[in-house]
Structure formats: structure tokens, C-alpha cells
Amino acid sequence: MATRHFLTLLDLSPDELHYLIQRAISIKTHLQAQGPNYTPLPNRTLAMIFEKSSTRTRVSFETAMTHLGGHALFLSPRDTQLGRGEPVGDTARVLAEMVDAVMIRTFSHANLEIYADASDVPVINALTDDYHPCQLLADVMTWTERRGRIQGRTAVWVGDGNNMCHSWINAARQFGFNLRVCCPEGYEPRADIVAAAGDSVSILHDPQQAADGADLITTDVWASMGQEGEQARREADFAGFQVTEALMDHARDDALFLHCLPAHRGEEISTTLLDDPRAVVWQEAGNRLHAQKALIEFLLLGRTS
Ligand code: CP
Ligand code: NVA
């Protein structure tokens with residue numbers, strides 16, 4: 001059987017994604033009831049390659065492997081041969097001889113694809129410049145826990161047409177919800193990704209209009225990792241695109257606010273939004289652990305229910 005990778009949400013079918021969300025909820029329920037005694041991956045190893053910073057992704061993958069009975073290995077370019085120019089394809093072949101799965105956070109999505117093409121073990125995208133699919137598993141899981149199925153609902157993305165936005169677009173397509181992307185002119189998501197999503201996605205430039213009657217609002221930092229030099233220009237360009245309690249008031253009464261974190265209070269969100277009961281970001285962050293356990297289990301063992 002061909003090795004399954006998870007480079008974008010499009011690598012799994014809608015049915016498989018629904019399964020993963022339900023499985024993640026079930027794994028979480030079991031953990032809360034009985035502690036980390038579900039250990040289907042004894043002595044299995046996940047290599048974690050981080051070429052960008054991380055708090056949530058590193059801790060959730062490493063903890064997930066510990067809970068599942070396996071081991072996670074942190075690798076940074078600073079102290080591996082990747083940082084000294086060993087080709088990614090060679091690294092992929094070498095690691096596949098030793099570990100059971102590889103998780104990569106890097107800049108170029110094309111490089112991730114080169115890595116995956118050369119890898120005989122599953123490769124997981126833990127964020128590239130173009131996508132962050134693991135975050136969307138946790139996001140849809142959080143919505144599902146709070147409000148049920150996301151199919152047919154209306155979500156609003158406020159901010160940059162970045163990696164998170166692209167994954168929200170793919171999620172709209174795969175989970176069957178509507179996504180309004182609201183960004184300043186010039187910061188639209190990639191046209192091919194939008195076009196592939198068809199009627200699921202619309203592009204707007206007025207936050208209040210976008211928020212009107214929405215079920216869910218989400219945003220992200222204005223300058224992503226690698227764009228630090230554009231911070232000042234982006235602060236000017238994104239003025240007026242801050243998500244505030246007042247903007248949330250344009251959404252439905254039971255609307256939720258999500259943010260992948262880290263958040264910059266006073267920039268993309270008001271200083272107090274994360275204290276608002278509509279914000280469910282801590283649950284969302286915690287769900288990275290459960291969603292990724294379901295993903296690792298699926299890639300290594302297939303469906304278990
Ligand atoms: N949301 C997220 O991926 O956080 P980290 O950058 O801390 O991993
Ligand atoms: N868009 C952000 C997401 C961080 C989790 C970045 O790439 O820095």
C-alpha cells in the first residue's frame with residue numbers, strides 16, 4: 001500500500017477527515033476518564049523537524065507520542081546536517097530507514113513535497129509558508145465539540161490570506177461549510193486555492209459585512225514567521241481588520257472565536273477578546289494534542305473504529 005502523507009487537508013477524503021475528528025474526540029474523552037493508558041504505538045518513533053519556531057506544535061506532537069507509547073525526536077537545522085546543506089530527499093531516505101513517521105515545520109511547501117516524495121514513512125505538515133493543516137483538525141474538532149457538525153455553517157477569516165487562511169479554505173471545501181475571507185486589498189489568499197474551493201469561499205474587504213450573521217470568526221497574526229521585516233507596513237495595511245468584541249457582536253449570538261495562536265493582542269485582536277466567553281482558544285490549543293494523536297494513529301495503524 002502506498003505511504004499516506006498529510007501535507008494538506010486534501011490528502012484525506014472528507015469521510016476520513018470526519019472520522020479523524022470523531023476519533024480525536026473519543027481519544028480525548030478516554031484520556032480525561034482514564035489517563036494516558038492507551039498505548040498502541042510502543043517503541044514507535046516520530047521525527048520532528050522544526051525549521052521555524054513552535055510552542056504548541058512541538059509540545060502536542062511530543063506529548064502525543066509519549067501518551068501513545070512511542071517516542072518523539074526533536075531535530076533542528078541548527079544541529080543536523082539539514083542545516084549544512086544535505087538534500088531533503090537524502091534526509092528523507094535516511095530517516096525512513098529508522099523512524100516510523102516524520103513531522104516537518106518548514107518554509108517552502110515545495111520542499112516538503114520533495115521530502116514526502118522521497119519518504120517511505122508518513123510525512124506530516126506541521127506548517128509551511130502555504131498551509132497549516134494540523135491546526136485545522138484541532139479547529140474543526142473544537143467547533144464540533146461546542147456546536148456539532150460544521151457542515152453548512154458560515155465561518156469568517158479576518159486578516160492575511162496566509163498559510164492558515166489557505167487551510168481554512170481547504171477545510172471549507174472538505175467539511176462543506178461556507179468561508180468568507182475578509183482581508184485588505186493586496187492580501188488575498190492564492191487565487192488557485194480559492195478557485196479550487198468553488199462556491200464554498202468568497203472574498204470580502206469589509207469586516208462588519210463579513211461578520212454579519214456568521215457562526216464563527218477566526219484570525220491570525222498580520223506578519224507570519226519569515227515576514228518579520230514587513231511588520232510595520234502590515235500594521236498600517238491591516239488597520240481596521242482587528243477582531244474585537246464589537247465585531248463579534250455582528251455575528252450570531254452563539255458565534256465562537258478561534259485563533260491558532262500565538263496571538264498579538266492590540267494587533268489582530270483587541271486586548272480583551274481572548275477573555276470573552278465566545279473565545280475558545282485554550283480548548284482549541286489543547287485539541288492539537290488529541291487531533292494529532294488521531295492523525296498519527298490513522299497514518300500508522302489505519303482506522304481503529
Ligand atoms: N498554532 C501553532 O502552530 O502554534 P506554534 O507555532 O506554537 O506551534
Ligand atoms: N501564520 C502564522 C501561523 C503560526 C501558527 C505563521 O506562519 O507564523
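Whatever order the structure lists them in is the order used to number ligands and atoms, beginning at 1.
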*Report the distance from atom CH2 of Trp168 to atom CG of Asp139, rounding to the nearest 0.5 Å.*
5.0 Å

*Could you tell me whether Arg288 approaches ligand 1 through its side chain, its backbone, both or neither, with non-hydrogen atoms closer than 4.0 Å?*
side chain

*Judged by non-hydrogen atoms, does Lys52 sit under 4.0 Å from ligand 1?*
no

*Out of Leu261, Asp220, Asp130, whose heavy atom is nearest to atom 1 (N) of ligand 2?*
Asp220

*asked:* Taking ring-ring contact (aromatic ring centres under 6.0 Å, His included) as the definition, give me every residue that meets it alongside Phe238, ordered by chain and number, with sequence neighbours left out.
replied: Tyr187, Trp222

_atom 7 (O) of ligand 2: nearest protein contact (heavy atom, Å)_ = Asn163 ND2, 2.8 Å

*Between the side chains of Thr106 and Asn111, is a donor N or O closer than 3.5 angstrom to an acceptor N or O?*
no

*First locate atom CD of Gln135, then atom CG of Asn125, and finally report the distance between them rounded to the nearest 0.5 Å.*
12.0 Å

_Closest protein heavy atom (residue, atom, distance) for atom 6 (O) of ligand 1_ = Arg105 NH1, 2.8 Å

*cation_pi(Arg303, Tyr19) dist<6.0 Å, angle<=45*: yes

*Can you figure out which of Ser60, Ala126, Cys260 has its heavy atom closest to atom 1 (N) of ligand 1?*
Cys260

_Residue-level breakdown please: for Leu127 versus ligand 1, do any non-hydrogen atoms fall below 4.0 Å on the side chain, on the backbone, on both, or on neither?_
neither

